[in-house]
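Structure first, commentary second.
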Number of protein chains: 2
Amino acid sequence: MGLTKTEIFTLEQNQISSIAKVFGHPARVAILQHLFKIDSCICGDLVDEIGLAQPTISQHLKELKKIGLIKGNITGTSICYCIDKENWSKMKTILTVFLDQDIIDSNNCC
Amino acid sequence: MGLTKTEIFTLEQNQISSIAKVFGHPARVAILQHLFKIDSCICGDLVDEIGLAQPTISQHLKELKKIGLIKGNITGTSICYCIDKENWSKMKTILTVFLDQDIIDSNNCC
DNA sequence: TTATTATATTGCAATATTACGATTAAATAT
DNA sequence: ATATTTAATCGTAATATTGCAATATAATAA
């Protein structure tokens with residue numbers, strides 16, 4: 001065990017949880033916020049900015065890249081990361097549909 | 001290790017990631033969707049509905065309760081669960097601020 | 001070529017999560 | 001009192017995640 005039973009859930013449920021999982025670590029939230037804040041691309045000072053070791057940041061970047069929220073651009077020895085705006089927008093739509101559900105205000109027991 | 005360094009992040013970053021973490025499992029997404037769909041409270045048929053063992057569902061409910069997204073109401077031998085609308089709304093605000101960030105469309109390298 | 005710089009990968013230890021069988025607890029029914 | 005029903009808790013196995021030191025890789029500089 002320790003293995004999520006993905007196959008018993010809908011595509012939508014798996015999509016929502018996959019996206020949310022990536023947001024489920026403060027370092028990844030911090031990275032994304034920083035990429036949004038800087039109006040140009042950030043070229044690797046995330047390690048100083050956030051305060052985790054370089055391999056750790058690299059690992060978090062990998063997960064953000066894997067799900068498509070950021071993309072990197074090689075410039076010399078460094079890599080420029082930025083938000084993938086198109087995918088960010090798609091992701092936002094998926095999450096917003098979930099968050100904007102609303103309850104019929106009747107027959108509630110609590 | 002294996003331990004998130006909460007102390008180096010802002011309250012907001014930790015709040016966002018805590019909420020997202022709870023959404024980071026399809027079973028919890030499914031539970032929330034079901035509680036939204038049913039106009040009255042569901043009283044424990046979540047086990048049949050979702051297809052995980054009773055202790056597993058109970059564990060997921062506990063996490064949803066811990067963060068305040070649902071609340072339970074004892075009626076006889078069963079328990080009625082429903083969305084905590086006030087907290088859902090608060091949570092939505094926190095996440096929406098994060099999701100609605102936008103990039104100044106300049107100086108981007110990628 | 002030989003540094004230097006920047007990032008990725010590997011390997012590993014510590015901790016967390018997921019899932020469920022077995023059991024317990026608490027309320028109702030007989 | 002004794003079942004029955006429903007949900008929580010305990011214990012445990014399997015897997016995942018987090019974090020970092022060490023190392024590798026890849027591009028540029030000297």
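In what follows, every chain begins at residue 1, and chains take the letters A, B, ... in the order their sequences are listed. Side chains are part of it too, since the values below use all heavy atoms of this structure and drop only hydrogens, waters and symmetry mates.
- By the side-chain hydrogen bond (donor to acceptor under 3.5 Å, both in side chains) test, B:Asn73 pairs with no residue at all, sequence neighbours left out.
- Taking B:Ile67 as the reference, B:Ser18, B:Ile19, B:Val22, B:Leu69 meet the side chain to side chain contact (heavy atoms under 4.5 Å, CB included) condition, with sequence neighbours excluded.
- For residues 90-101 of chain B, the set of pairs meeting the salt bridge (Lys or Arg N to Asp or Glu O under 4.0 Å) definition, not counting sequence neighbours, comprises A:Lys92-B:Asp100, A:Asp100-B:Lys92.
- Residue order along DNA chain C, read from the 5' end via each residue's closest nucleotide, puts B:Glu63 first among B:Glu63 and B:Gly76.
- Of all the residues in residues 4-20 of chain B, B:Thr4, B:Lys5 reach under 4.0 Å from DNA chain D with at least one non-hydrogen atom.
- For residues 17-31 of chain A, the set of pairs meeting the salt bridge (Lys or Arg N to Asp or Glu O under 4.0 Å) definition, not counting sequence neighbours, comprises A:Arg28-A:Glu63.
- Under 4.0 angstrom from either OP1 or OP2 of D:dG19 there lies at least one side-chain N or O belonging to A:His60.
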Original post:
How does protein reach along nucleotides 3-10 of chain C, written 5' to 3' as B (base within reach of a heavy atom under 4.0 Å), S (only sugar-phosphate), or - (no contact)?
Top reply: --BSBBB-
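- Scored by the side-chain hydrogen bond (donor to acceptor under 3.5 Å, both in side chains) test, A:Lys65 finds A:Tyr81 as partners (sequence neighbours excluded).
- Residues meeting the ring-ring contact (aromatic ring centres under 6.0 Å, His included) test with A:Phe9, sequence neighbours left out: none.
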Pairs of donor and acceptor atoms involving the side chains of residues 47-59 of chain A, under 3.5 Å and at least two apart or interchain, shall be tabulated with distances.
none

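- Under the 3.5 Å distance criterion, the side-chain polar atoms of B:Asn14 are matched with a main-chain donor or acceptor of B:Thr6.
- The side chain to side chain contact (heavy atoms under 4.5 Å, CB included) search around A:Val97 returns A:Glu12, not counting sequence neighbours.
- What separates CG of A:Asn73 from C1' of D:dA26 is a distance of 16 Å, to the nearest Å.
- The stretch residues 24-33 of chain A has no heavy atom under 4.0 angstrom from DNA chain C at all.
- Looking at residues two or more places apart in sequence or on another chain, you find a side-chain hydrogen bond (donor to acceptor under 3.5 Å, both in side chains) between B:Thr10 and B:Gln13.
- Residue B:Leu52 is classed as a sugar-phosphate contact, given heavy-atom separations below 4.0 Å to backbone atoms only.
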